[in-house]
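Step one of this worksheet: look at the structure below.
Everything quoted here is computed from the prediction, not taken from an experiment. In what follows, chains are A, B, ... by sequence order, proteins preceding strands, each numbered from 1.
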Protein chains: 2
Amino acid sequence: MLHVAEAARVSVATVSALLNGTATVSPELTQRIEQAIRDIGYKRNAIARSLKMGTTRTIGLTVPHITNPFFTDVVSVIQQAFDRAGYAVMLCCTDEDLNTQDEQIRLLLDRMIDGLIVARVGDGGLLKGIVEDANVPVVLLDRLCEGVDTDAVVLDNRRAVFDAVTYLIHLGHRRIGYITGTSDISPMHDRMIGYREALQAAGLPAAEELIRSGNFHEIDGYNATMQLLSLHDRPSAIFSANNPMVIGTMKAIRDIGLSCPEDISVACFDDFPWSDVFVPQLTTVAQPVQAIGEQAANLLLDRLAGNRDAPPRKLVLKGRLMIRNSCRPLGALAQSVSA
Amino acid sequence: MLHVAEAARVSVATVSALLNGTATVSPELTQRIEQAIRDIGYKRNAIARSLKMGTTRTIGLTVPHITNPFFTDVVSVIQQAFDRAGYAVMLCCTDEDLNTQDEQIRLLLDRMIDGLIVARVGDGGLLKGIVEDANVPVVLLDRLCEGVDTDAVVLDNRRAVFDAVTYLIHLGHRRIGYITGTSDISPMHDRMIGYREALQAAGLPAAEELIRSGNFHEIDGYNATMQLLSLHDRPSAIFSANNPMVIGTMKAIRDIGLSCPEDISVACFDDFPWSDVFVPQLTTVAQPVQAIGEQAANLLLDRLAGNRDAPPRKLVLKGRLMIRNSCRPLGALAQSVSA
DNA sequence: AACGCTAATCTAAACGTTTCGAACGTGTCA
DNA sequence: TGACACGTTCGAAACGTTTAGATTAGCGTT
């Protein structure tokens, strides 16, 4: 900017004023400055600007795994939304590990991000302190965090699983295996409640041996399913609480020599684009990824626009049961349906 | 830092020296300073540091669509690699649009990124100028760019498709439909060459009506497949040059009332984790995503470590044909195989 | 002719670091 | 005792912006 100012024979203040439109500058100088900018190929240094202004127009976004299709989609939507608003997005993957998450958040805060969207892992870790210090607005995504009272957008997980399991029960299933992630994050906790409530509402016993938990990965779903299928009275249906784990479930079913839905019915959380075209077409709970991403972005953009003091807002969206053909009717129902 | 210095009754220079280890500071002052840092909860401002040092320890990464599983995986690997090296990653999605890409790149450069990894779209746009101005090292990912001579890591696309199509030919297929993306990017261009060469090597005619192109999206694959299947002499196999488009292909096959592989064989580029568990299990060309991501990261990290003047390095990796059961043998071959 | 008002422009301080070179105290050597 | 070297600490400039407040010029009023 100094060079531009010299070339145009004006002060840097005038150049800045023109660039930011913060003061009127005469047509004559405007022209000289613009010419100089073109000649020199000048680009404003956003770092210096950030230092002075105290804002970077950059936000941080952390998710456990970007390869989980749910997060892939949400990240994509959020990235687009902030791009439209002229913000850059720094993406971090925490790998479901609290220490990693804390490091990532520190990295982001060091870089003076203006805001933060977090699909947290573990118990939140640093998150609590950050939200309290309140320098940067934080939006929780997908997962609430005990003791952290801030904007959030989550799914009505309890209800979504309740509906899915109730659907299985209506099909005649009585022993329904349930594979969950670690229960220290709110969605897994709530989904489990939905499962239990659905059984209870139908007057079915809660058989603890039908509940298995894993660490969200395909291999965990595989192992859990293997265990369920080895029970002497094995379940007739399995509900898997996330997408990577259901892949494991399908592999286990295949490896053990069974088939879906003939021998065992499967439903799961999170839809994916090709659920429609391959066999079996999985019955899933679809999350409104577009809405989730947009709402999260909007909450944060609203804070960034200056609305700092509004009380925390918690948005709860609804899932949708996508009924396909991976679950089959049992017993008497099977007759009437197939007839 | 000023506050820390005051609290510890030293100068800011000493605090800085301690923090960076650039000079020895006495045990006594060290202790006072560390105490002050703890008391105040001081965090160094990376923006100010960046301004002074001329480096942000941040890189830019642009891909066409993060929801394309190939890019999802590569982004994930790259993000991890830079995370390990203490770099932050700014992610941008260009939506296969050149203007968007140019804007994103400008946004990134404004923020003084130290380096850039680009899976380009269109003809490169701004990219050319940037690489020449040579302030930030650039690594091309997946897609080369004419006139841009810089580090790159790509697949041997020609060979990969040659092998896949040759495999189809060995199965007895003579009319093989081919669905490509826009040919202005090198992988699509090279894949097409692989297709033509495979036909030629087998002495088969190149029937132009069997070649369709689309803009990488599912809907494009759908439309292209619909056209291919409506030909009076329709192909017995279809090769689809990317992942989203093959979803469209499968949907079209389903909608038109055919089935794969009984009525039509399908193979495609890009593997995905559940190709194994659903039916039909797609035969695909798997890219070594892990290696691609790591190599790209390494090339850039090497430049960032100071190796600026080495000549551009171009890494060409090999794809792997994953033979599953979405392609069936034809004619005489069908007899011998099914027997 | 002196005054005040407005619009345009400029000067200079500030943002929070890093770093160069100077300053200081202490011990060693002639 | 004075000179010198060495290890430690400090002062101040610099990075490239923004912005408050000062300055200037032009112009209409009285």
Say whether, by atom type as modelled, one donor and one acceptor occur between the side chain of [X] and the main chain of [Y] under 3.5 angstrom.
X	Y	answer
Thr56(A)	Met112(A)	yes
Arg111(B)	Arg57(A)	yes
Gln79(B)	Leu91(A)	yes
Thr58(A)	Val89(A)	no
Arg313(B)	Ala152(B)	no
Gln101(B)	Val121(B)	yes

Is the shortest side-chain heavy-atom distance between [X] and [Y] below 4.5 Å?
X	Y	answer
Asp151(A)	Leu300(A)	no
Ile185(A)	Phe216(A)	yes
Leu304(A)	Tyr87(A)	yes
Pro288(B)	Leu155(B)	yes

Whole-Å gap separating [atom2] ([N]) and [atom1] ([X]):
X	N	atom1	atom2	answer
Arg111(B)	dT17(D)	CZ	P	15 Å
Arg9(B)	dC10(D)	CZ	P	11 Å
Met1(A)	dA14(C)	CE	P	20 Å

task: Please indicate whether Lys314(A) has more than 12 foreign heavy atoms, meaning atoms of other residues, nucleotides or ligands, lying under 6.0 Å from its NZ.
output: no
message: Any salt bridge linking Asp110(B) with Arg44(A)? Criterion: basic side-chain nitrogen under 4.0 Å from a carboxylate oxygen.
response: no
What protein N or O atoms touch nucleotides 25-28 of chain C N or O atoms at under 3.5 angstrom, if any, and at what distances?
none

statement: In short, Ala310(B) meets Asn307(B) closest at the heavy-atom pair CB-OD1, 3.5 Å
- request: Check the side chains of Gln35(B) and Asp39(B) for a donor-acceptor pair under 3.5 angstrom, ignoring hydrogens and angles.
  value: yes
- request: Could you tell me, to 10°, how much the axis swings from one end of the helix from dA1(C)-dT30(D) to dA30(C)-dT1(D) to the other, five pairs per end?
  value: 80°
message: At a heavy-atom distance below 4.0 Å, what parts of residues 12-20 of chain B sit against DNA chain C?
response: Ala13(B), Ser16(B), Asn20(B)
side-chain hydrogen bond (donor to acceptor under 3.5 Å, both in side chains) pairs, two or more places apart, involving residues 60-74 of chain A: His65(A)-Asp95(A)
field: Interface with DNA chain D, restricted to residues 24-32 of chain B and to heavy atoms under 4.0 Å
entry: Thr24(B), Val25(B), Ser26(B), Leu29(B)
message: Which residues in residues 36-54 of chain A have a heavy atom closer than 4.0 Å to any atom of DNA chain D?
response: Tyr42(A), Lys43(A), Arg44(A), Asn45(A), Ala48(A), Arg49(A), Lys52(A), Met53(A)
